[in-house]
Amino acid sequence: MALSDMLYWAIGIAAIQAVYCQENFIKVECDPENQGVYSQDAVLNCKVVSIKKDIQIIKMMWCKVEADKCVAKTMVTFEDGKWSAEDARFSSGALEWNEKELNVSLLVQKTQVSDQGSYRFMISTDTGYEKGNTYLRVTAPYSVPVISSVPGINIEDSMPVTLTCNASGGYPPGQIHWFDQLDSNWTKSSALRTIPTQDGRFNLTSVFTTTASSSMALYKCVVVNDKMDKQRAEYQLAIGPGKQEGTKNIKAITAVFVVVGALASGILILYFHRRRSRDEIEKALEDGEDEKALNNS
Ligand SMILES: *[C@@H]1O[C@H](CO)[C@@H](O)[C@H](O)[C@H]1NC(C)=O
Ligand SMILES: *[C@@H]1O[C@H](CO)[C@@H](O)[C@H](O)[C@H]1NC(C)=O
Ligand SMILES: *[C@@H]1O[C@H](CO)[C@@H](O)[C@H](O)[C@H]1NC(C)=O
Ligand SMILES: *[C@@H]1O[C@H](CO)[C@@H](O)[C@H](O)[C@H]1NC(C)=O
């Protein structure tokens with residue numbers, strides 16, 4: 001073998017070794033997805049795995065990635081042995097190597113809807129550079145829904161009634177489903193309005209019009225955010241005048257007295273009338289006017 005050939009192979013092997021070492025001394029493994037809840041703290045986890053001891057860290061960095069670029073205000077950097085952050089809501093802690101593993105996490109405080117997205121962790125060492133990607137999914141629970149009806153009181157059978165179900169401050173945008181007391185699904189007869197709030201969450205308003213029926217007076221609205229989060233409320237239509245207000249009940253009682261009173265005087269009138277008739281019959285019999293007495297009875 002010629003010297004040039006030997007040199008060729010030697011250089012080739014060295015180059016392969018260098019590439020091999022660079023790409024394999026360290027590896028970054030991240031959870032593919034992390035859950036965050038609005039206004040609470042969220043933690044994003046990655047770990048650096050090394051096959052070589054005594055790795056010198058030159059720089060580490062966390063940031064949110066948009067259009068494949070780091071968002072400057074979300075950057076958290078480790079350099080010269082200490083961490084620094086642009087925004088105090090984002091932080092990370094320097095950790096000790098454990099065996100050949102280094103856990104690095106990004107702590108997001110008071111999580112906002114706008115924090116949802118892709119994040120990247122990068123590490124640069126004396127043996128090479130590596131990065132890992134992870135995702136923060138943010139949810140916000142909706143408030144317990146509130147149902148109101150128009151008209152609200154004194155509803156009569158077969159009257160049209162409009163029910164409104166409101167739930168606020170949730171994320172992602174949810175649905176509102178309607179059911180009656182037999183759990184028949186009335187959602188298709190309702191209209192949903194999704195109103196964005198300033199902080200990226202949503203208010204939901206669903207309007208459902210039905211025909212009042214005293215045998216079907218209970219309705220339910222269910223707010224569906226995702227499979228984990230369901231909020232519900234029930235509403236009983238105020239059908240009948242008795243449901244209106246206290247004075248109505250007093251009037252009803254007065255009416256009963258009036259009816260009872262009328263009945264009583266009727267009985268008295270009837271009694272006196274009968275009594276007079278009987279007196280007349282007796283008088284007629286005494287007078288011997290049989291024909292007149294019979295006609296009168
Ligand atoms: C890193 O995290 C994993 C899983 O979360 C845990 O099992 C391991 O002990 C952690 N290592 C260190 C150095 O904290
Ligand atoms: C429900 O929300 C709508 C729209 O924001 C509002 O007009 C209505 O007053 C609310 N109703 C109740 C009972 O809160
Ligand atoms: C009710 O109807 C809505 C709209 O058609 C549908 O999305 C929902 O899954 C239904 N719910 C149940 C419990 O059947
Ligand atoms: C959303 O609902 C909350 C609570 O009812 C209310 O304070 C807020 O003004 C609503 N926001 C919008 C944009 O309608």
Side-chain angles (χ1 to χ4, degrees), residues 33 35-42 64 66 71 73-74 87 89 108-117 136-249:
E33 193 173 297
Q35 300 293 328
V37 176
Y38 178 82
S39 84
Q40 296 180 12
D41 293 352
K64 186 171 192 267
E66 278 169 15
V71 176
K73 67 174 169 36
T74 66
D87 177 344
R89 281 202 309 119
V108 182
Q109 288 174 294
K110 296 197 184 77
T111 304
Q112 304 295 304
V113 169
S114 58
D115 294 336
Q116 177 163 285
L136 176 63
R137 189 168 299 283
V138 178
T139 57
Y142 281 92
S143 67
V144 173
V146 176
I147 306 178
S148 56
S149 90
V150 175
I153 51 171
N154 212 10
I155 298 168
E156 285 162 24
D157 260 318
S158 21
M159 218 185 224
V161 177
T162 301
L163 293 174
T164 302
C165 178
N166 282 1
S168 61
Y171 187 86
Q175 297 291 319
I176 289 182
H177 296 162
W178 288 93
F179 302 92
D180 62 22
Q181 65 202 47
L182 300 177
D183 282 329
S184 295
N185 194 340
W186 288 97
T187 308
K188 286 206 170 87
S189 310
S190 70
L192 178 71
R193 212 150 60 92
T194 304
I195 306 150
T197 66
Q198 278 187 331
D199 56 19
R201 292 180 297 159
F202 293 96
N203 285 359
L204 304 177
T205 295
S206 178
V207 177
F208 165 55
T209 300
T210 186
T211 305
S213 160
S214 46
S215 60
M216 190 65 79
L218 184 79
Y219 288 93
K220 304 171 213 177
C221 87
V222 180
V223 180
V224 187
N225 190 355
D226 51 50
K227 279 174 193 130
M228 309 293 283
D229 180 30
K230 272 189 187 175
Q231 298 267 31
R232 60 187 70 229
E234 290 188 354
Y235 192 83
Q236 181 88 37
L237 296 183
I239 297 178
K243 292 271 174 61
Q244 197 188 19
E245 55 211 353
T247 51
K248 267 284 145 180
N249 288 333

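For ligands, and for the atoms within them, numbers begin at 1 and follow the listed sequence.
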Using the side-chain hydrogen bond (donor to acceptor under 3.5 Å, both in side chains) definition, which of the options Gln35, Gln116, Glu33 pairs with Arg137?
Glu33

Would you call the rings of Phe208 and Trp186 parallel, tilted or perpendicular, taking 30° and 60° as the class edges?
tilted

When you measure from [atom] to every protein heavy atom, which one gives the shortest distance, and what is it?
| atom | answer |
| --- | --- |
| atom 12 (C) of ligand 3 | Asn185 ND2, 3.3 Å |
| atom 8 (C) of ligand 4 | Asn203 ND2, 3.7 Å |
| atom 4 (C) of ligand 4 | Ser168 OG, 3.7 Å |
| atom 10 (C) of ligand 2 | Asn166 ND2, 2.3 Å |

Heavy atom of protein inside 4.0 Å of atom 2 (O) of ligand 2, strictly below
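Protein heavy atoms within 4.0 Å of atom 2 (O) of ligand 2 - there is at least one.
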
Hey, is atom 14 (O) of ligand 2 under 4.0 Å from any protein heavy atom?
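True for atom 14 (O) of ligand 2.
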
Hey, is [X] close enough to [Y] for a salt bridge, meaning N to O under 4.0 Å?
| X | Y | result |
| --- | --- | --- |
| Asp41 | Lys110 | no |
| Lys64 | Glu66 | yes |
| Lys220 | Asp183 | yes |

Number the atoms of ligand 3 from 1 as they appear, then name those within less than 4.0 Å of a heavy atom of His177, with their elements.
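So the answer, numbered in order with elements, is 7 (O), 8 (C).
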
Give the numbers and elements of all ligand 3 atoms closer than 4.0 Å to a heavy atom of Lys188.
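Under 4.0 Å from Lys188, ligand 3 has these atoms: 5 (O).
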
Testing the basics here: between Ala212 and Ile155, what is the closest heavy-atom pair and its distance to 0.1 Å?
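Minimum heavy-atom contact is CB-CG2, 3.5 Å.
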
At less than 4.0 angstrom from any non-hydrogen atom of Pro196, what atoms of ligand 4 do you find?
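In order of numbering, the contacting atoms are 13 (C).
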
Distance (rounded to the nearest 0.5 Å) between Cys221 SG and His177 NE2:
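The SG atom of Cys221 sits 11.0 Å away from the NE2 atom of His177.
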
Does ligand 4 have an atom that lies less than 4.0 angstrom from a heavy atom of Ser143?
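It does not; every heavy atom stays at 4.0 Å or beyond.
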
Proximal atoms of ligand 2 relative to Arg193 (non-hydrogen, under 4.0 Å)
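Near Arg193, meaning under 4.0 Å from one of its heavy atoms, ligand 2 has 4 (C).
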
Taking Gln181 for the side chain and Leu218 for the main chain, is one N or O donor matched with an acceptor at less than 3.5 Å?
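Present.
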
